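Okay, structure first, notes after.
The model shown is predicted, which means the values in this text are computed figures rather than measured ones.
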Amino acid sequence: MIYQPYAMLRRGENTWDGWYDLLQNDGRQVRSFVRVPSQEGFANPDLACQAAEILAQWDLERRKNPRKPRSA
């Protein structure tokens, strides 16, 4: 699986949101338009993409090693 991070300028603001898509190796989408949670946004698109990349890597790792349910 691969990811594609990108940044989008917030409407009416001068801050950026980080987003990513998860794709299979053949290009088929697994998840799309996943937004990095941020109340303030990011000062520039490079920071937004970096945050999206970190979150996408975490998402991929979680998919490889899902949490096991806890026993009560």
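Ionic pairing of Asp21 and Arg31 is not present here: no N-O contact between side-chain nitrogen and carboxylate oxygen is shorter than 4.0 angstrom.
A distance of 10.0 Å separates CH2 in Trp19 from OG in Ser32, rounded to the nearest 0.5 Å. Taking CG from Leu23 and CD from Gln29, the interatomic distance works out to 6.0 Å, rounded to the nearest 0.5 Å. With values rounded to the nearest 0.5 angstrom, Met8 atom CE is found 12.5 Å from Thr15 atom OG1. How far CG of Leu9 is from CG of Asn14: 6.5 Å, rounded to the nearest 0.5 Å. Interatomic distance, Cys49 SG to Asn44 CG, rounded to the nearest 0.5 Å: 9.0 Å.
Within the 4.5 Å cutoff, side-chain heavy atoms of Leu22 are placed close to those of Arg63. Proximity of Leu60 to Gln57: side-chain heavy atoms (C-beta onward) are nowhere separated by under 4.5 Å. Tyr6 is not listed as a side-chain neighbour of Trp16, based on a closest heavy-atom distance of 4.5 Å or more. No side-chain heavy atom of Tyr3 sits under 4.5 Å from any side-chain heavy atom of Asp59. Side-chain atoms of Pro37 and Leu55, non-hydrogen and from C-beta on, do get closer than 4.5 Å to each other. Annotation: side chain of Met1 is in contact with side chain of Val30 (closest heavy-atom distance under 4.5 Å).
The 12-atom threshold is exceeded at CZ of Arg62, counting heavy atoms of other residues, nucleotides or ligands nearer than 6.0 Å.
Of all the heavy atoms in Gly18 and Ala52, the pair that sits closest is C-CB, 4.0 Å. Looking at every heavy atom in both residues, Ile2 comes nearest to Gln24 through CG1-O, 4.1 Å.
Using a 4.5 Å cut-off between side-chain heavy atoms of Ile, Leu, Val, Met, Phe, Trp and Tyr, with links allowed through other members, Trp58 and Val34 fall into the same hydrophobic cluster.
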CA sep, side-chain torsions, deciding dist, call: Glu61, Asn65, side-chain hydrogen bond (donor to acceptor under 3.5 Å, both in side chains): CA-CA 6 Å; Glu61 185 61 34; Asn65 301 308; 2.5 Å; yes
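Under 3.5 Å, the side chains of Glu53 and Tyr20 contain no donor-acceptor pair of N or O atoms.
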